[in-house]
Amino acid sequence: MIAIINYNAGNIRSVQNALTRLGYESVLTDDPATIRAAEKVIFPGVGEAKSAMQQLKAKGLDQVVKSLTQPVLGICLGLQLMCESSEEGHVDCLGIFPHKVLRFRGEAIVPHMGWNNFESLNSALCEGLDITANVYYVHSYYAELGAQTSAVCHYITPFSAILEKANFYATQFHPEKSADIGNLILKNFLAL
Amino acid sequence: MLKKRIIPCLDIRNGRTVKGVNFEGIRDAGDPVELAKKYAAEGADELVFLDITATVENRTTLLELVERIAAEIDIPFTVGGGIQSVEEVRRLIWAGADKVSVNSAAVRRPELLSEIASEFGSQCLVLAIDTQFNGNDWKVFVKGGREETSLQTADWARYAVELGAGEILLTSMNHDGTKNGFALEITQAICEAVQVPVIASGGAGKAEDFASLFTQTKATAGLAASIFHYNELPIPSLKKYLNTQNIPIR
(Lines give C-alpha, C1' and ligand atoms only; values in the text may rest on other atoms or scores of the structure.)
Protein backbone atom coordinates (compact mmCIF):
# COMPACT_ATOMS: atom_id res chain seq x y z
CA MET A 1 0.00 0.00 0.00
CA ILE A 2 1.11 3.54 -0.77
CA ALA A 3 0.31 6.16 1.84
CA ILE A 4 -0.35 9.75 0.79
CA ILE A 5 0.05 11.98 3.81
CA ASN A 6 -3.07 14.10 4.24
CA TYR A 7 -2.36 17.01 6.56
CA ASN A 8 -3.52 20.28 5.02
CA ALA A 9 -5.80 21.93 2.51
CA GLY A 10 -5.17 21.70 -1.18
CA ASN A 11 -5.64 19.40 -4.12
CA ILE A 12 -4.27 16.27 -2.54
CA ARG A 13 -6.50 13.94 -4.54
CA SER A 14 -4.60 14.71 -7.73
CA VAL A 15 -1.74 12.55 -6.41
CA GLN A 16 -4.15 9.73 -5.67
CA ASN A 17 -5.81 10.12 -9.09
CA ALA A 18 -2.41 9.86 -10.76
CA LEU A 19 -1.54 6.68 -8.85
CA THR A 20 -4.93 5.19 -9.72
CA ARG A 21 -4.34 5.92 -13.42
CA LEU A 22 -0.99 4.12 -13.12
CA GLY A 23 -2.72 1.13 -11.53
CA TYR A 24 -1.54 1.60 -7.94
CA GLU A 25 -3.74 1.52 -4.85
CA SER A 26 -3.17 4.26 -2.31
CA VAL A 27 -4.69 5.72 0.80
CA LEU A 28 -4.98 9.34 1.96
CA THR A 29 -4.11 9.29 5.63
CA ASP A 30 -2.85 11.23 8.64
CA ASP A 31 -2.55 8.11 10.79
CA PRO A 32 1.09 7.54 11.93
CA ALA A 33 0.70 3.75 12.08
CA THR A 34 -0.69 3.54 8.51
CA ILE A 35 2.08 5.80 7.25
CA ARG A 36 4.83 3.80 9.00
CA ALA A 37 3.44 0.54 7.65
CA ALA A 38 3.20 1.72 4.03
CA GLU A 39 5.55 0.35 1.36
CA LYS A 40 5.98 3.84 -0.09
CA VAL A 41 5.01 7.23 1.26
CA ILE A 42 4.09 10.34 -0.72
CA PHE A 43 4.30 13.67 1.10
CA PRO A 44 2.49 16.28 -1.01
CA GLY A 45 1.40 19.75 -0.03
CA VAL A 46 0.31 23.05 -1.35
CA GLY A 47 -0.10 26.27 0.54
CA GLU A 48 2.02 28.07 3.08
CA ALA A 49 5.05 26.59 4.84
CA LYS A 50 4.49 27.88 8.35
CA SER A 51 0.88 26.78 8.69
CA ALA A 52 1.70 23.47 7.02
CA MET A 53 4.47 22.83 9.58
CA GLN A 54 2.02 23.68 12.38
CA GLN A 55 -0.50 21.20 10.99
CA LEU A 56 2.17 18.51 10.71
CA LYS A 57 3.29 19.09 14.29
CA ALA A 58 -0.26 19.19 15.60
CA LYS A 59 -0.76 15.68 14.21
CA GLY A 60 2.69 14.51 15.35
CA LEU A 61 3.55 13.85 11.71
CA ASP A 62 6.80 15.86 11.74
CA GLN A 63 8.51 13.13 13.78
CA VAL A 64 6.84 10.39 11.75
CA VAL A 65 8.07 11.70 8.39
CA LYS A 66 11.65 12.18 9.61
CA SER A 67 11.84 8.65 10.98
CA LEU A 68 10.52 6.83 7.90
CA THR A 69 12.82 4.22 6.36
CA GLN A 70 10.83 3.22 3.24
CA PRO A 71 11.05 5.34 0.05
CA VAL A 72 9.42 8.75 0.63
CA LEU A 73 8.54 11.24 -2.13
CA GLY A 74 7.94 14.87 -1.19
CA ILE A 75 6.15 17.00 -3.78
CA CYS A 76 6.26 20.81 -4.09
CA LEU A 77 5.62 22.17 -0.57
CA GLY A 78 6.49 18.65 0.61
CA LEU A 79 10.03 19.16 -0.75
CA GLN A 80 10.30 22.53 0.96
CA LEU A 81 9.12 21.16 4.31
CA MET A 82 11.76 18.41 4.10
CA CYS A 83 14.46 21.13 4.01
CA GLU A 84 16.20 22.85 6.92
CA SER A 85 14.12 26.02 7.02
CA SER A 86 11.86 28.20 4.91
CA GLU A 87 11.78 31.94 4.39
CA GLU A 88 8.02 31.60 4.05
CA GLY A 89 6.88 32.48 7.56
CA HIS A 90 10.52 32.06 8.72
CA VAL A 91 9.91 28.57 9.96
CA ASP A 92 12.18 25.66 10.87
CA CYS A 93 11.29 22.65 8.77
CA LEU A 94 12.02 18.91 9.03
CA GLY A 95 15.75 19.16 8.27
CA ILE A 96 15.92 15.95 6.21
CA PHE A 97 17.81 17.92 3.57
CA PRO A 98 20.24 20.61 4.83
CA HIS A 99 18.99 23.10 2.21
CA LYS A 100 17.39 26.46 2.90
CA VAL A 101 14.17 27.48 1.14
CA LEU A 102 14.23 31.05 -0.16
CA ARG A 103 11.80 33.33 -1.98
CA PHE A 104 12.40 34.20 -5.64
CA ARG A 105 13.73 37.76 -5.76
CA GLY A 106 13.83 40.42 -8.45
CA GLU A 107 11.51 41.85 -11.02
CA ALA A 108 10.50 38.60 -12.69
CA ILE A 109 7.06 37.06 -12.54
CA VAL A 110 6.35 35.10 -9.37
CA PRO A 111 5.11 32.38 -8.95
CA HIS A 112 7.23 30.31 -11.30
CA MET A 113 4.23 28.77 -13.01
CA GLY A 114 4.22 26.42 -15.95
CA TRP A 115 6.39 23.87 -17.73
CA ASN A 116 10.15 23.99 -17.44
CA ASN A 117 13.01 21.65 -18.35
CA PHE A 118 16.16 20.75 -16.39
CA GLU A 119 19.54 22.40 -16.39
CA SER A 120 21.16 19.24 -15.11
CA LEU A 121 19.81 15.86 -14.19
CA ASN A 122 21.27 12.95 -12.23
CA SER A 123 18.36 11.37 -10.45
CA ALA A 124 17.12 7.83 -10.04
CA LEU A 125 13.62 9.26 -10.43
CA CYS A 126 14.40 10.44 -13.95
CA GLU A 127 15.73 7.19 -15.40
CA GLY A 128 14.91 7.33 -19.11
CA LEU A 129 14.68 11.14 -19.28
CA ASP A 130 17.10 13.84 -20.36
CA ILE A 131 17.35 17.55 -19.53
CA THR A 132 14.90 18.54 -22.26
CA ALA A 133 12.00 16.89 -20.40
CA ASN A 134 9.42 19.45 -19.27
CA VAL A 135 7.59 19.20 -15.95
CA TYR A 136 4.97 21.42 -14.32
CA TYR A 137 5.92 23.87 -11.59
CA VAL A 138 3.98 26.31 -9.47
CA HIS A 139 5.89 27.87 -6.59
CA SER A 140 7.17 31.17 -5.21
CA TYR A 141 9.86 29.68 -2.95
CA TYR A 142 12.69 27.33 -3.90
CA ALA A 143 15.31 25.11 -2.28
CA GLU A 144 18.83 26.38 -2.89
CA LEU A 145 21.35 24.08 -4.54
CA GLY A 146 23.39 21.72 -2.37
CA ALA A 147 24.94 18.29 -2.07
CA GLN A 148 21.55 16.54 -2.16
CA THR A 149 20.42 18.30 -5.35
CA SER A 150 20.07 15.66 -8.06
CA ALA A 151 18.31 17.81 -10.67
CA VAL A 152 18.56 21.53 -11.31
CA CYS A 153 15.97 23.81 -12.87
CA HIS A 154 16.57 27.44 -13.78
CA TYR A 155 14.06 30.21 -13.19
CA ILE A 156 15.53 33.57 -12.16
CA THR A 157 18.20 31.49 -10.42
CA PRO A 158 19.23 27.82 -10.53
CA PHE A 159 17.35 25.86 -7.84
CA SER A 160 16.79 22.27 -6.68
CA ALA A 161 14.25 20.55 -8.92
CA ILE A 162 14.89 17.21 -7.18
CA LEU A 163 16.51 16.42 -3.84
CA GLU A 164 17.61 12.92 -2.83
CA LYS A 165 19.19 11.46 0.30
CA ALA A 166 19.04 7.78 1.23
CA ASN A 167 15.33 6.79 1.16
CA PHE A 168 14.13 10.40 0.83
CA TYR A 169 13.25 11.90 -2.56
CA ALA A 170 11.54 15.18 -3.33
CA THR A 171 10.47 17.09 -6.43
CA GLN A 172 9.72 20.81 -6.58
CA PHE A 173 7.55 20.18 -9.63
CA HIS A 174 4.27 18.26 -9.71
CA PRO A 175 4.81 14.85 -11.33
CA GLU A 176 1.10 14.12 -10.87
CA LYS A 177 0.34 17.07 -13.20
CA SER A 178 3.19 16.61 -15.66
CA ALA A 179 1.53 14.35 -18.24
CA ASP A 180 3.66 11.47 -19.62
CA ILE A 181 6.93 12.72 -18.13
CA GLY A 182 5.37 12.97 -14.69
CA ASN A 183 3.87 9.50 -15.00
CA LEU A 184 7.31 8.10 -15.81
CA ILE A 185 8.82 9.84 -12.76
CA LEU A 186 6.08 8.46 -10.50
CA LYS A 187 6.59 4.98 -11.94
CA ASN A 188 10.33 5.25 -11.31
CA PHE A 189 9.65 6.16 -7.69
CA LEU A 190 7.11 3.38 -7.25
CA ALA A 191 9.61 0.89 -8.70
CA LEU A 192 12.36 1.80 -6.17
CA MET B 1 13.57 27.77 -19.80
CA LEU B 2 10.00 28.36 -18.68
CA LYS B 3 7.64 27.64 -21.57
CA LYS B 4 4.74 29.77 -22.77
CA ARG B 5 1.45 28.01 -22.06
CA ILE B 6 -1.31 27.18 -24.52
CA ILE B 7 -4.62 26.83 -22.71
CA PRO B 8 -7.85 25.62 -24.29
CA CYS B 9 -10.92 26.97 -22.50
CA LEU B 10 -14.08 24.92 -22.21
CA ASP B 11 -17.27 26.83 -21.46
CA ILE B 12 -19.62 24.46 -19.71
CA ARG B 13 -23.41 24.57 -19.73
CA ASN B 14 -25.44 21.71 -18.30
CA GLY B 15 -22.45 19.41 -18.54
CA ARG B 16 -21.71 20.19 -22.23
CA THR B 17 -19.02 22.33 -23.83
CA VAL B 18 -20.43 25.39 -25.58
CA LYS B 19 -19.01 28.39 -27.36
CA GLY B 20 -20.54 31.78 -28.06
CA VAL B 21 -19.33 34.78 -30.05
CA ASN B 22 -18.94 38.11 -28.22
CA PHE B 23 -20.47 36.50 -25.14
CA GLU B 24 -23.66 35.59 -27.06
CA GLY B 25 -24.97 33.04 -29.57
CA ILE B 26 -24.25 29.69 -27.89
CA ARG B 27 -23.28 26.62 -29.97
CA ASP B 28 -22.71 23.08 -28.74
CA ALA B 29 -19.07 21.92 -28.90
CA GLY B 30 -19.03 18.47 -27.29
CA ASP B 31 -18.44 16.44 -24.13
CA PRO B 32 -16.03 18.26 -21.79
CA VAL B 33 -14.22 15.17 -20.52
CA GLU B 34 -13.61 13.80 -24.00
CA LEU B 35 -12.41 17.20 -25.20
CA ALA B 36 -10.20 17.58 -22.13
CA LYS B 37 -8.55 14.21 -22.76
CA LYS B 38 -8.03 15.05 -26.41
CA TYR B 39 -6.43 18.40 -25.57
CA ALA B 40 -4.19 16.89 -22.91
CA ALA B 41 -3.05 14.23 -25.35
CA GLU B 42 -2.39 16.89 -28.02
CA GLY B 43 -0.09 18.85 -25.73
CA ALA B 44 -2.32 21.47 -24.08
CA ASP B 45 -0.36 22.91 -21.15
CA GLU B 46 -3.34 23.53 -18.90
CA LEU B 47 -7.11 23.60 -19.21
CA VAL B 48 -9.74 26.07 -18.05
CA PHE B 49 -13.37 25.09 -17.46
CA LEU B 50 -15.88 27.90 -17.03
CA ASP B 51 -19.37 27.03 -15.87
CA ILE B 52 -21.37 29.68 -17.71
CA THR B 53 -24.70 28.80 -16.15
CA ALA B 54 -23.38 28.64 -12.59
CA THR B 55 -26.71 28.23 -10.88
CA VAL B 56 -27.13 26.53 -7.55
CA GLU B 57 -28.81 23.46 -9.06
CA ASN B 58 -25.96 23.09 -11.53
CA ARG B 59 -23.30 23.04 -8.81
CA THR B 60 -23.65 19.33 -8.13
CA THR B 61 -23.36 18.58 -11.84
CA LEU B 62 -20.24 20.74 -11.98
CA LEU B 63 -18.63 18.99 -9.01
CA GLU B 64 -19.28 15.60 -10.58
CA LEU B 65 -17.78 16.83 -13.83
CA VAL B 66 -14.69 18.16 -12.00
CA GLU B 67 -14.22 14.76 -10.34
CA ARG B 68 -14.40 13.02 -13.71
CA ILE B 69 -11.94 15.46 -15.27
CA ALA B 70 -9.52 15.11 -12.35
CA ALA B 71 -9.65 11.34 -12.60
CA GLU B 72 -8.96 11.36 -16.34
CA ILE B 73 -6.41 14.06 -17.10
CA ASP B 74 -2.82 14.54 -15.97
CA ILE B 75 -2.27 18.25 -16.60
CA PRO B 76 -3.35 21.15 -14.37
CA PHE B 77 -6.83 22.62 -14.72
CA THR B 78 -8.75 25.63 -13.47
CA VAL B 79 -12.46 25.76 -12.75
CA GLY B 80 -14.48 28.97 -12.67
CA GLY B 81 -17.90 30.46 -13.15
CA GLY B 82 -20.07 32.03 -10.47
CA ILE B 83 -17.80 31.19 -7.53
CA GLN B 84 -18.90 33.27 -4.55
CA SER B 85 -17.52 31.69 -1.41
CA VAL B 86 -14.57 29.93 0.18
CA GLU B 87 -16.86 26.95 0.75
CA GLU B 88 -17.43 26.55 -3.02
CA VAL B 89 -13.69 26.78 -3.58
CA ARG B 90 -13.09 24.09 -0.97
CA ARG B 91 -15.55 21.73 -2.70
CA LEU B 92 -14.02 22.35 -6.14
CA ILE B 93 -10.47 21.82 -4.91
CA TRP B 94 -11.49 18.73 -3.01
CA ALA B 95 -13.16 17.45 -6.20
CA GLY B 96 -9.78 17.79 -7.90
CA ALA B 97 -9.50 21.30 -9.38
CA ASP B 98 -5.94 22.65 -9.24
CA LYS B 99 -7.01 26.26 -9.41
CA VAL B 100 -10.23 28.23 -9.27
CA SER B 101 -11.02 31.41 -11.10
CA VAL B 102 -13.23 34.11 -9.64
CA ASN B 103 -14.70 37.10 -11.41
CA SER B 104 -17.88 39.02 -10.51
CA ALA B 105 -17.98 37.95 -6.86
CA ALA B 106 -14.49 39.39 -6.29
CA VAL B 107 -15.58 42.72 -7.77
CA ARG B 108 -18.57 42.77 -5.43
CA ARG B 109 -16.54 41.68 -2.42
CA PRO B 110 -12.76 41.90 -2.96
CA GLU B 111 -12.03 40.28 0.43
CA LEU B 112 -13.10 37.00 -1.15
CA LEU B 113 -9.66 36.99 -2.82
CA SER B 114 -7.77 37.26 0.48
CA GLU B 115 -10.02 34.66 2.09
CA ILE B 116 -9.33 32.14 -0.69
CA ALA B 117 -5.61 32.95 -0.85
CA SER B 118 -5.10 32.61 2.87
CA GLU B 119 -6.81 29.23 3.02
CA PHE B 120 -5.55 27.62 -0.21
CA GLY B 121 -2.66 29.82 -1.32
CA SER B 122 -2.36 32.33 -4.15
CA GLN B 123 -1.08 29.63 -6.49
CA CYS B 124 -4.59 28.24 -6.88
CA LEU B 125 -6.37 31.58 -7.26
CA VAL B 126 -6.94 33.01 -10.72
CA LEU B 127 -8.68 36.35 -11.06
CA ALA B 128 -10.68 36.46 -14.27
CA ILE B 129 -11.26 39.95 -15.66
CA ASP B 130 -13.64 40.66 -18.53
CA THR B 131 -12.66 44.01 -19.96
CA GLN B 132 -13.93 46.31 -22.68
CA PHE B 133 -12.54 49.50 -24.19
CA ASN B 134 -15.10 52.30 -24.06
CA GLY B 135 -13.22 54.75 -26.26
CA ASN B 136 -11.17 56.19 -23.40
CA ASP B 137 -10.51 53.48 -20.84
CA TRP B 138 -10.44 49.74 -20.41
CA LYS B 139 -13.18 49.01 -17.89
CA VAL B 140 -14.00 45.90 -15.90
CA PHE B 141 -17.29 44.17 -16.73
CA VAL B 142 -19.10 41.62 -14.58
CA LYS B 143 -21.94 39.11 -14.86
CA GLY B 144 -20.58 37.45 -17.96
CA GLY B 145 -19.87 40.79 -19.62
CA ARG B 146 -23.38 42.16 -19.19
CA GLU B 147 -22.66 44.84 -16.62
CA GLU B 148 -20.06 47.62 -16.70
CA THR B 149 -18.36 48.64 -13.46
CA SER B 150 -16.53 51.83 -12.59
CA LEU B 151 -13.25 49.92 -12.22
CA GLN B 152 -10.27 50.61 -14.45
CA THR B 153 -8.82 47.28 -15.52
CA ALA B 154 -5.19 47.89 -14.51
CA ASP B 155 -6.20 49.30 -11.11
CA TRP B 156 -8.38 46.30 -10.41
CA ALA B 157 -5.67 43.85 -11.43
CA ARG B 158 -3.13 45.54 -9.18
CA TYR B 159 -5.49 45.59 -6.20
CA ALA B 160 -6.55 41.97 -6.73
CA VAL B 161 -2.93 40.81 -6.72
CA GLU B 162 -2.31 42.72 -3.49
CA LEU B 163 -5.23 40.83 -2.00
CA GLY B 164 -3.86 37.47 -3.09
CA ALA B 165 -4.71 36.69 -6.72
CA GLY B 166 -1.89 34.50 -8.05
CA GLU B 167 -2.67 34.83 -11.74
CA ILE B 168 -4.77 37.06 -14.00
CA LEU B 169 -6.97 35.71 -16.79
CA LEU B 170 -7.69 38.73 -18.95
CA THR B 171 -10.46 38.54 -21.56
CA SER B 172 -10.97 41.40 -23.95
CA MET B 173 -14.66 41.50 -24.82
CA ASN B 174 -13.83 43.65 -27.84
CA HIS B 175 -11.75 40.81 -29.23
CA ASP B 176 -13.53 37.71 -27.92
CA GLY B 177 -14.89 35.59 -30.75
CA THR B 178 -13.59 37.90 -33.50
CA LYS B 179 -10.51 35.79 -34.40
CA ASN B 180 -8.64 39.01 -35.22
CA GLY B 181 -5.87 38.52 -32.67
CA PHE B 182 -5.38 39.13 -28.95
CA ALA B 183 -5.76 42.55 -27.32
CA LEU B 184 -2.04 43.21 -27.16
CA GLU B 185 -2.09 46.69 -25.68
CA ILE B 186 -4.25 46.04 -22.62
CA THR B 187 -2.57 42.66 -22.09
CA GLN B 188 0.84 44.30 -21.92
CA ALA B 189 -0.53 47.07 -19.69
CA ILE B 190 -1.73 44.44 -17.22
CA CYS B 191 1.59 42.56 -17.43
CA GLU B 192 3.32 45.79 -16.46
CA ALA B 193 0.84 46.49 -13.65
CA VAL B 194 1.33 43.18 -11.84
CA GLN B 195 4.12 40.69 -11.13
CA VAL B 196 2.00 37.53 -11.42
CA PRO B 197 1.44 35.47 -14.58
CA VAL B 198 -1.08 36.90 -17.06
CA ILE B 199 -3.16 34.69 -19.35
CA ALA B 200 -4.47 36.52 -22.43
CA SER B 201 -7.87 35.53 -23.77
CA GLY B 202 -10.13 36.67 -26.56
CA GLY B 203 -9.44 37.02 -30.26
CA ALA B 204 -7.15 34.12 -31.15
CA GLY B 205 -7.80 33.13 -34.75
CA LYS B 206 -4.51 31.79 -36.08
CA ALA B 207 -1.07 30.66 -34.96
CA GLU B 208 0.45 34.08 -35.75
CA ASP B 209 -1.84 35.65 -33.13
CA PHE B 210 -0.13 33.58 -30.42
CA ALA B 211 3.29 34.51 -31.78
CA SER B 212 2.36 38.22 -31.60
CA LEU B 213 1.05 37.73 -28.07
CA PHE B 214 4.27 36.13 -26.87
CA THR B 215 6.65 38.48 -28.67
CA GLN B 216 4.79 41.76 -28.06
CA THR B 217 3.61 41.22 -24.49
CA LYS B 218 4.87 39.51 -21.36
CA ALA B 219 1.82 37.26 -21.15
CA THR B 220 2.89 33.79 -20.07
CA ALA B 221 -0.12 32.02 -21.55
CA GLY B 222 -2.65 32.33 -24.35
CA LEU B 223 -6.16 30.98 -23.99
CA ALA B 224 -8.64 30.16 -26.73
CA ALA B 225 -11.75 28.10 -27.23
CA SER B 226 -13.47 27.93 -30.61
CA ILE B 227 -10.37 27.55 -32.77
CA PHE B 228 -9.48 24.46 -30.77
CA HIS B 229 -13.03 23.10 -30.40
CA TYR B 230 -13.77 23.22 -34.10
CA ASN B 231 -10.26 22.04 -34.97
CA GLU B 232 -9.50 25.19 -36.97
CA LEU B 233 -6.09 25.36 -35.30
CA PRO B 234 -5.00 22.02 -33.82
CA ILE B 235 -2.71 22.42 -30.80
CA PRO B 236 0.14 20.36 -32.34
CA SER B 237 0.28 22.64 -35.45
CA LEU B 238 0.11 25.73 -33.25
CA LYS B 239 3.02 24.50 -31.13
CA LYS B 240 5.02 23.48 -34.16
CA TYR B 241 4.59 26.95 -35.61
CA LEU B 242 5.59 28.69 -32.35
CA ASN B 243 8.70 26.52 -32.23
CA THR B 244 9.73 27.77 -35.66
CA GLN B 245 9.31 31.30 -34.29
CA ASN B 246 11.74 30.51 -31.43
CA ILE B 247 9.06 30.94 -28.82
CA PRO B 248 9.76 28.60 -25.88
CA ILE B 249 7.06 25.98 -26.03
CA ARG B 250 6.66 22.51 -24.54
Side-chain angles (χ1 to χ4, degrees), chain A residues 6 8-22 28 45-49 51-52 76-77 88 104 106-119 131-141 153-156 173-184 186, chain B residues 1-7 40-47 66-77 79 86 89-90 92-100 116-126 161 166-168 191-192 194-199 218-221 248-250:
Chain A
N6 183 13
N8 74 343
N11 180 3
I12 199 161
R13 279 177 63 187
S14 62
V15 175
Q16 189 167 39
N17 280 331
L19 296 183
T20 305
R21 282 193 297 270
L22 294 173
L28 294 175
V46 291
E48 197 262 337
S51 60
C76 196
L77 183 65
E88 188 177 29
F104 284 120
E107 294 301 300
I109 296 166
V110 175
H112 172 220
M113 182 184 285
W115 299 78
N116 205 332
N117 61 301
F118 299 101
E119 201 169 70
I131 60 167
T132 62
N134 287 300
V135 287
Y136 187 84
Y137 290 87
V138 48
H139 60 124
S140 301
Y141 293 79
C153 178
H154 192 288
Y155 183 72
I156 304 177
F173 55 85
H174 287 273
E176 78 282 11
K177 287 286 162 183
S178 296
D180 296 352
I181 306 280
N183 291 333
L184 180 63
L186 286 174
Chain B
M1 184 185 277
L2 181 64
K3 308 304 183 294
K4 299 291 186 182
R5 290 171 290 157
I6 303 299
I7 307 180
E42 286 180 351
D45 297 306
E46 286 185 39
L47 297 170
V66 169
E67 286 191 2
R68 281 174 59 214
I69 296 162
E72 298 269 3
I73 71 163
D74 51 14
I75 58 171
F77 69 98
V79 179
V86 172
V89 172
R90 187 177 295 122
L92 287 167
I93 287 185
W94 184 245
D98 297 292
K99 310 180 200 176
V100 294
I116 297 172
S118 68
E119 183 151 353
F120 304 101
S122 290
Q123 83 291 329
C124 77
L125 177 56
V126 182
V161 169
E167 200 171 8
I168 304 282
C191 292
E192 282 167 11
V194 298
Q195 231 188 318
V196 300
V198 174
I199 305 167
K218 288 186 176 161
T220 61
I249 220 82
R250 174 177 150 246

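Numbers restart at 1 for each chain; the letters A, B, ... are given by sequence-line order, proteins then strands. Side chains are part of it too, since the values below use all heavy atoms of this structure and drop only hydrogens, waters and symmetry mates.
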Tell me the closest heavy-atom pair linking [X] and [Y], and the distance in Å.
X: B/Asp74; Y: A/Asn183; result: OD2-ND2, 3.1 Å
X: A/Pro111; Y: B/Gly166; result: CD-O, 3.8 Å
X: A/Ala179; Y: B/Arg250; result: CB-NH2, 3.7 Å

Out of A/Glu48, A/Glu107, A/Met113, A/Gln16, return the one with the most heavy atom pairs under 4.5 angstrom to chain B.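 Winner by heavy-atom pair count: A/Met113.
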Just jot down the side-chain contact (heavy atoms from CB on, under 4.5 Å) partners of A/Val135, sequence neighbours excluded, or say none.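 Checked A/Val135 against side-chain contact (heavy atoms from CB on, under 4.5 Å); matches are A/Phe118, A/Tyr137, A/Phe173, A/Ser178, A/Ile181, A/Ile185.
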Please flag which part of [X] lies under 4.5 Å from any non-hydrogen atom of chain A: side chain, backbone, both or neither.
X: B/Lys99; result: side chain
X: B/Glu167; result: side chain
X: B/Ala97; result: backbone
X: B/Leu92; result: neither
X: B/Ala71; result: both

How far apart are the C-alpha atoms of B/Ile75 and A/Trp115, what are their side-chain angles, what is the distance that settles it, and do they pass the side-chain contact (heavy atoms from CB on, under 4.5 Å) test? CA-CA 10 Å; B/Ile75 58 171; A/Trp115 299 78; 3.9 Å; yes
Any chance you could measure B/Ile249, atom CD1, to A/Asn134, atom CG, to the nearest 0.5 Å?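 So the CD1 of B/Ile249 and the CG of A/Asn134 are separated by 10.0 Å.
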Using 0.5 Å steps for rounding, measure from the CG atom of A/Asn116 to the NZ atom of B/Lys3.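 Between A/Asn116 CG and B/Lys3 NZ, I get 5.0 Å after rounding to 0.5 Å.
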For A/Asn17 and B/Glu72, indicate whether the former's side chain and the latter's backbone hold a donor-acceptor pair under 3.5 Å.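 Looks like no, no N/O pair under 3.5 Å.
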Counting only N and O atoms by type, is there a donor-acceptor contact under 3.5 Å from the side chain of B/Gln195 to the main-chain atoms of A/Ala108?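 Side chain of B/Gln195 to backbone of A/Ala108: a pair is present.
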Between [X] and chain B, which part of the residue has a heavy atom less than 4.5 Å away: side chain, backbone, both or neither?
X: A/Ala18; value: neither
X: A/Leu28; value: side chain
X: A/His174; value: neither

In terms of heavy-atom pairs under 4.5 Å with chain A, which of B/Lys218, B/Lys4, B/Glu67, B/Arg90 leads?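 Looking at each of B/Lys218, B/Lys4, B/Glu67, B/Arg90 in turn, B/Glu67 comes out on top.
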Identify, with sequence neighbours excluded, every residue that meets ring pair (Phe, Tyr, Trp, His ring centres under 6.0 Å) alongside A/Phe104.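 Scan of A/Phe104 (ring pair (Phe, Tyr, Trp, His ring centres under 6.0 Å), adjacent residues dropped) gives A/His139, A/Tyr142, A/Tyr155, A/Phe159.
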